[in-house]
Amino acid sequence: MIPGIIYPPCQAACPISTDVQGYVALIAEERFEDALRLIRNTNPFPSVCGRICTHPCEGACRRTQVDQPIAIRGLERFAVDAGGEKAKLKKPKVSVIPHPKSPQVRAKVAVIGAGPAGLSCAHDLALLGYKVTVFEALPVAGGMLRVGIPDYRLPKIILENEINRIGELGVEIKTNYPIGKRITIGDLIEKRGYKAVFIATGAHRSLKLQVKGANLNGVMASLEFLKAFNLGKPLNLGRRVAVIGGGNTAIDCARTALRLGAREVTIVYRRSRNEMQAQPGEIDEALKEGVKIEFLSMPVRIIGKIGAVVAIECIKMKLGSPDESGRRRPIKVEGSEYSFPADNVISALGQNIDASFLTRKDQVLLSQRGLIRADRRTTATSREAVFAAGDCVSGPATATEAIAAGKKGAYAIDTYLRGEDISELEVLKKQKIAELKPDVVKKIRVLQREKMSTLPIEMRLRNFNPVEKGFSKDKAIREALRCLGCGSGAAISEAECVSCLTCVSVCPYGVPVVKKEGVVEIDISQCQACGICASECPAMAISLRRAAMLEDEIEKVVGKGKSKVAEFYCQYEAYEGKLPKPKKGGIKVMCTAKLHVVHLLKATEMGAEEIIVLSCTEKSCRFIDGGKWARKKVKEAQKILENIGVSPTKVVLRDTEESQNSKGEE
């Protein structure tokens, strides 16, 4: 076990450890290509995750202690949309664990299954120099991303673009090529020269509905329904459709049925809404579109006439004590049976794997649940050189978890092919930064989460156009600026610290404390990265872990006579519409409290004839008293200029209040 790295809670919650805080900060700085490149370091499917990820990172966001979590998934999608094709991956990164150089010989590796796990494994192995072939039984690549998710959530072209990127790395994808019929796993190793095999066949078999009438015409399983639709096969739905289940698949089936022409769609779910496993946002959108949900109801019989469905009979339920899943157990209410008409019934009760492709000669064992037996740490199966991960090992999980499983498989296979003992694979233990203390929470400004625009209801129901429109540039930047930057705050150099205690006296959040030895310590878990302590430290012994290089920005704007005016502006206020964003000569600062006198003087040295600081007021500051410290820096710079015989009016401050007044005068 590798000693734990302390992550921001968003990154710790991400199955693939994406540097969420990093790319959100880059979006805030308008460095969109860099943001996308950072995401692609660990995620081969950012455009997919930006649309359908269940975003556990948002649930872990410390911003929830103040108001609402950062819209991380929406920002990831924005990074893809705005980052463009220039954000190519420069170097491979298959693990958060430092990885030795892989062999120069391009060993052949076979991947069975072109879903997110299989393609992620292929992606990382290709980056490491292996020759990878992916075998897919379906006529298209993408697995459940392609055949299980409707276009209104994930357009096919978006997924195809990501798959094509993987193909560009040299990965060969063979569709309509089921393993177990033409060729077995044993054949791949013994006859075709593959040095390793990775199984990632997913969970494509729907659990059967176990009630009377389940075999009637008009009753279908959820995956088969979605698969038929996504492959363009004809589907004949009646006016009234009942969907049984409470997960994302049930919601997808219901919303798809509406778009295919059903007039009434009713979901039957045996627990309450609080227990539904579907994403809350998906449930909300389904209800807006007209889907009805019968909570605390369970089907007991499908009623038929001349062999076809005409109605569904249900019984009311009540909730008892929690079961092994942690949700309250549904209990039948005797004598509460009722029925309602239905022309079709779609069962979305869960998924399992289809292991029929395995033969006895393959020597790959299954668990009691019928899943492939593989070590969760190394992905190794019962047969040497054969590895497995993803839904076929864990059971149904999320797309992001499948991506993580595929990356883990690539790491294990590379280790194995380099001749190392995979039983000694090191596992990184994630640790997340501590929660915010109540006293700090009270001092953090409440900033409302940006809402993503969606397609109007009346424009949705007869097409599969994407419902979510994505963030505009300004909305994305405003949302990114809400990030608290957990763990990216101030750090003290003990060698340079003179224990003057200036940081203790100026910090508005009360974070720096004096230890017994007289040394000042900053609790990084509570620091808000406002930068006041760093800009006020007389010994310049404090730095910010994620600080913009203002000197470089000044050089870009003012250097070599580029602009006679240098305007340092508060990015928070500018994107909230309280300050005009300079068209020329603008140097954005995450907070003008971060400015040091040397920044203002540097602009004058480079030839700027006027230095303007566009700041917030003390009351409107994103942090606390940012405007006050900006004023102090301006006065200090003015005094220095006056002492050396330069007009102090060369440096001026304008704040939000002045800008608003000038707008009124106009």
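When a residue number appears, it is its place in the shown sequence, counting from 1.
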Under 4.5 Å between any side-chain heavy atoms of [X] and [Y], yes or no?
{"X": "Lys316", "Y": "Leu296", "result": "no"}
{"X": "Leu119", "Y": "Leu145", "result": "no"}
{"X": "Arg449", "Y": "Glu479", "result": "yes"}
{"X": "Asn41", "Y": "Asp19", "result": "no"}
{"X": "Ser120", "Y": "Phe45", "result": "yes"}
{"X": "Met298", "Y": "Arg271", "result": "no"}
{"X": "Ile372", "Y": "Leu366", "result": "yes"}
{"X": "Ser394", "Y": "Arg376", "result": "yes"}

Item to complete: Go through the steps for Leu226 and Thr256 under the test side-chain contact (heavy atoms from CB on, under 4.5 Å), then give the verdict.
Response: CA-CA 8 Å; Leu226 292 171; Thr256 297; 4.0 Å; yes
Quick one: does any side-chain atom of [X] pair with a main-chain N or O of [Y] as donor and acceptor, under 3.5 Å?
{"X": "Ser222", "Y": "Ser347", "result": "yes"}
{"X": "Asn230", "Y": "Val147", "result": "yes"}
{"X": "Glu401", "Y": "Thr398", "result": "yes"}
{"X": "Arg328", "Y": "Gly320", "result": "yes"}
{"X": "Arg259", "Y": "Arg255", "result": "yes"}
{"X": "Asn248", "Y": "Gln279", "result": "yes"}
{"X": "Ser206", "Y": "Leu223", "result": "yes"}
{"X": "Tyr23", "Y": "Leu75", "result": "no"}
{"X": "Lys430", "Y": "Cys14", "result": "yes"}
{"X": "Asn344", "Y": "Gly238", "result": "yes"}

Where is the tightest heavy-atom contact between [X] and [Y], given as atom of each residue plus distance?
{"X": "Asn43", "Y": "Glu76", "result": "ND2-OE2, 3.3 Å"}
{"X": "Ala412", "Y": "Thr379", "result": "CB-OG1, 3.7 Å"}
{"X": "Thr175", "Y": "Leu138", "result": "CB-O, 3.4 Å"}
{"X": "Cys486", "Y": "Arg62", "result": "SG-NE, 3.1 Å"}
{"X": "Ala71", "Y": "Glu58", "result": "C-OE2, 3.6 Å"}
{"X": "Asp67", "Y": "Arg482", "result": "OD1-NH2, 2.8 Å"}

Item to complete: Assess whether side-chain contact (heavy atoms from CB on, under 4.5 Å) is satisfied between Ile251 and Ile267, documenting all intermediate values.
Response: CA-CA 8 Å; Ile251 300 293; Ile267 293 175; 3.6 Å; yes
Worksheet item: Can Phe229 and Phe464 be said to form a ring pair (Phe, Tyr, Trp, His ring centres under 6.0 Å), step by step?
Response: CA-CA 12 Å; Phe229 163 70; Phe464 284 83; 4.6 Å; yes
Worksheet, complete the sentence: Taken in chain and number order and not counting sequence neighbours, the residues that satisfy salt bridge (charged side-chain N to carboxylate O under 4.0 Å, His left out) with Asp354 are Arg205
Discussion item. Whether the Ser47 and Glu162 side chains hold a donor-acceptor pair (N or O, under 3.5 Å, no angle test) is what I'd like checked.
Written reply: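 The criterion, which ignores hydrogens and geometry beyond distance, is satisfied for Glu162 and Ser47.
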Discussion item. Just by distance, no angles: are the side chains of Thr359 and Asp362 close enough, under 3.5 Å, to form a donor-acceptor pair?
Written reply: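 Looking only at side-chain atoms, Asp362 and Thr359 do form a donor-acceptor pair, the distance falling under 3.5 Å.
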About how many Å separate [atom2] of [Y] and [atom1] of [X], when rounded to the nearest 0.5 Å?
{"X": "Thr381", "Y": "Phe387", "atom1": "OG1", "atom2": "CZ", "result": "7.5 Å"}
{"X": "Lys212", "Y": "Glu313", "atom1": "NZ", "atom2": "CD", "result": "10.0 Å"}
{"X": "Tyr7", "Y": "Gln431", "atom1": "OH", "atom2": "CD", "result": "10.5 Å"}
{"X": "Leu154", "Y": "Cys49", "atom1": "CG", "atom2": "SG", "result": "10.0 Å"}
{"X": "Ile283", "Y": "Lys288", "atom1": "CD1", "atom2": "NZ", "result": "12.5 Å"}
{"X": "Glu282", "Y": "Ile52", "atom1": "CD", "atom2": "CD1", "result": "10.0 Å"}

Would you say [atom1] of [X] has more than 12 non-hydrogen atoms from neighbouring residues, nucleotides or ligands within 6.0 angstrom?
{"X": "Asn176", "atom1": "CG", "result": "yes"}
{"X": "Ile157", "atom1": "CD1", "result": "yes"}
{"X": "Lys475", "atom1": "NZ", "result": "yes"}
{"X": "Arg377", "atom1": "CZ", "result": "yes"}
{"X": "Lys292", "atom1": "NZ", "result": "no"}
{"X": "Asn164", "atom1": "CG", "result": "yes"}
{"X": "Lys174", "atom1": "NZ", "result": "yes"}

Should [X] and [Y] count as an ion pair when the cut-off is N to O under 4.0 Å?
{"X": "Arg273", "Y": "Asp284", "result": "yes"}
{"X": "Glu224", "Y": "Lys227", "result": "no"}
{"X": "Arg301", "Y": "Glu337", "result": "no"}

Worksheet item: Hey, which of Arg146, Arg51, Lys156 is the one that makes salt bridge (charged side-chain N to carboxylate O under 4.0 Å, His left out) with Asp151?
Response: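 Testing Asp151 for a salt bridge (charged side-chain N to carboxylate O under 4.0 Å, His left out) against Arg146, Arg51, Lys156 leaves exactly one candidate, Lys156.
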Discussion item. Set out, in order, the CA-CA distance, both residues' side-chain angles and the distance that settles salt bridge (Lys or Arg N to Asp or Glu O under 4.0 Å) for Arg73 and Glu468, then state yes or no.
Written reply: CA-CA 12 Å; Arg73 185 180 72 180; Glu468 294 184 332; 3.4 Å; yes
Item to complete: Kindly determine whether Val393 and Leu371 satisfy side-chain contact (heavy atoms from CB on, under 4.5 Å), including the steps that lead there.
Response: CA-CA 5 Å; Val393 172; Leu371 302 169; 5.8 Å; no
Discussion item. Both conditions, 6.0 Å and 45 degrees, for the charged tip of Arg460 above the ring of Tyr152: are they met here?
Written reply: no
Worksheet item: If you look only at pairs with a residue in residues 292-341, which of them pass as a ring pair (Phe, Tyr, Trp, His ring centres under 6.0 Å), with sequence neighbours excluded?
Response: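 Of all non-adjacent pairs touching residues 292-341, none passes ring pair (Phe, Tyr, Trp, His ring centres under 6.0 Å).
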Item to complete: Apply side-chain contact (heavy atoms from CB on, under 4.5 Å) to the pair Val66 and Val446, showing each step before the final yes or no.
Response: CA-CA 6 Å; Val66 181; Val446 172; 4.2 Å; yes
